[in-house]
Amino acid sequence: GATLSEGSYYLTRDVTLSGDGSQIKVTGTVYLCLNGHSITGTANYGIFRIGEGGVLNICDCSVGQTGKITEKESHNPIFIHSGGVCSLYSGTIASSITAVVISSNQNGSGPTYEGEKNTAGGTFNLYGGAVRSTAASGYQGIFAYEDLTNVNVNIYGGSVSSDNYGVTLRSGTVTLSGSPNLAGDTA
């Protein structure tokens with residue numbers, strides 16, 4: 001996969017990424033403006049992977065704020081692990097499964113093997129924009145696995161929606177303030 005190193009990035013066109021090797025690993029503090037464009041990918045366990053020392057700040061500075069990060073073939077757009085941080089200010093993160101995952105597995109989702117597990121968790125901040133899961137059942141907008149330390153989901157605005165649960169945390173805390181819109185068919 002590719003590495004997105006510290007800096008500011010501004011999309012000038014839609015981007016399509018294919019295959020597991022197309023994951024983008026965030027290192028350092030990254031500012032990404034979607035600028036009304038889409039990033040669509042098929043990488044397992046995160047189109048964007050934000051781990052130790054990684055901070056991804058996403059916004060959409062276009063007038064209509066139609067920019068989005070989405071997946072094809074049932075993959076997670078945002079995968080946070082090992083203390084990584086992701087903040088959404090505007091734009092959309094959407095998936096046909098869970099849109100934002102916080103996990104202990106540095107290399108993927110689900111079961112971990114010796115040397116892959118890091119229980120440092122991570123943080124997701126929602127200031128604006130939308131996090132959306134369109135799965136019929138079993139998935140959420142935001143999900144954190146069990147047995148993690150330092151898991152924080154802070155929702156200050158924007159919206160989280162799912163046909164199942166909007167937010168499910170098996171570890172950590174959720175902070176709600178401001179005027180967020182949370183919607184799920186299951187409360």
Side-chain angles (χ1 to χ4, degrees), residues 1-2 4 11 14-26 30 32 34 36-51 54 56-60 65-81 84-110 121-145 148 151 153-155 157-172 174 180-186:
L4 195 58
L11 290 184
D14 291 347
V15 176
T16 301
L17 307 167
S18 297
D20 283 343
S22 65
Q23 288 176 338
I24 300 170
K25 295 179 182 173
V26 175
V30 171
L32 174 64
L34 299 172
H37 294 285
S38 296
I39 298 174
T40 304
T42 61
N44 278 321
Y45 313 122
I47 296 167
F48 284 95
R49 293 184 58 80
I50 306 111
L56 177 61
N57 297 292
I58 304 164
C59 72
D60 183 357
Q65 297 187 343
T66 56
K68 63 184 174 181
I69 299 171
T70 188
E71 51 72 39
K72 290 183 185 177
E73 303 171 14
S74 299
H75 299 290
N76 313 107
I78 302 293
F79 197 93
I80 302 167
H81 64 91
V85 177
C86 180
S87 297
L88 179 64
Y89 293 90
S90 53
T92 300
I93 300 169
S95 180
S96 61
I97 59 172
T98 301
V100 176
V101 174
I102 302 173
S103 176
S104 64
N105 192 336
Q106 299 174 75
N107 299 318
S109 185
T123 299
F124 181 75
N125 300 306
L126 180 62
Y127 295 97
V131 175
R132 184 173 57 238
S133 169
T134 59
S137 64
Y139 296 100
Q140 305 79 23
I142 302 168
F143 177 81
Y145 280 91
L148 298 173
V151 171
V153 173
N154 304 305
I155 303 174
S159 67
V160 179
S161 63
S162 171
D163 290 337
N164 194 32
Y165 294 102
V167 179
T168 300
L169 299 187
R170 294 184 179 164
S171 299
V174 175
N181 179 6
L182 304 176
D185 285 350
T186 308

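- Side chain of Asn57 to main chain of Ser87: no donor-acceptor pair is present (N/O by atom type, distance under 3.5 Å, no hydrogens or angles).
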Derivation and outcome, side-chain contact (heavy atoms from CB on, under 4.5 Å), residues Ile58 and Ile93: CA-CA 10 Å; Ile58 304 164; Ile93 300 169; 4.2 Å; yes

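- Side chains of Val167 and Phe124 form no contact here, defined as non-hydrogen atoms less than 4.5 Å apart.
- The CG atom of Leu17 lies 10.5 Å from the CD atom of Gln23; values are rounded to the nearest 0.5 Å.
- Checked by atom type and distance alone, the side chain of Thr42 never pairs as donor or acceptor with a backbone atom of His75 at under 3.5 Å.
- Considering all non-hydrogen atoms of both residues, Ile50 and Cys86 come closest at CD1-CB, 4.1 Å.
- When atom types are taken as modelled, the side chain of Glu71 and the backbone of Ser96 share a donor-acceptor pair closer than 3.5 angstrom.
- With sequence neighbours excluded, the residues satisfying side-chain contact (heavy atoms from CB on, under 4.5 Å) with Thr123 are Val85, Asn125, Asn152, Asn154.
- Qualifying ring pair (Phe, Tyr, Trp, His ring centres under 6.0 Å) partners for Tyr89, counting only residues two or more places apart in sequence or in other chains: Tyr127.
- The distance from the CG atom of Asn76 to the CZ atom of Arg49 is 9.5 Å, given to the nearest 0.5 Å.
- Here the closest non-hydrogen pair linking Ile155 and Pro180 is CG2-CB, 3.3 Å.
- In this view, Phe143 and Tyr145 satisfy the ring pair (Phe, Tyr, Trp, His ring centres under 6.0 Å) rule, not counting sequence neighbours.
- The backbone N or O of Thr66 lies less than 3.5 Å from a partner atom in the side chain of Asp60, making a donor-acceptor pair.
- Counting heavy atoms from C-beta on, the side chains of Ile142 and Val174 never come closer than 4.5 Å.
- Between atom CZ of residue Arg132 and atom CG of residue Asp163 there is a gap of 10.5 Å, rounded to the nearest 0.5 Å.
- With values rounded to the nearest 0.5 angstrom, Ser38 atom OG is found 9.0 Å from Leu11 atom CG.
- Side chains of Ile39 and Leu32 form a contact here, defined as non-hydrogen atoms less than 4.5 Å apart.
- Counting heavy atoms from C-beta on, the side chains of Leu4 and Phe48 come closer than 4.5 Å.
- Put simply, the side chain of Ile78 does not reach to within 4.5 Å of the side chain of Leu88, judged on heavy atoms.
- Nearest heavy-atom pair across Ile69 and Pro77 is CG2-CB, 3.9 Å.
- Side-chain atoms of Ser133 come within 3.5 Å of backbone atoms of Ile97 as a donor-acceptor pair (strictly under, hydrogens ignored).
- The two residues Gly158 and Leu126 come nearest to each other via the heavy atoms C-CD2, 4.3 Å.
- Across all their heavy atoms, Ala144 and Val151 have their closest contact at CB-CG1, 3.8 Å.
- The shortest non-hydrogen separation linking Gln140 to Thr168 is CG-OG1, 3.1 Å.
- Here CG of Leu169 is found 6.5 Å from CD1 of Ile102. Values are rounded to the nearest 0.5 Å.
- Inter-residue side-chain proximity for Lys72 and Thr16 is flagged as met; some heavy-atom pair is nearer than 4.5 Å.
- With Ser162 contributing its side chain and Asn164 its backbone, the two residues share a donor-acceptor pair below 3.5 Å.
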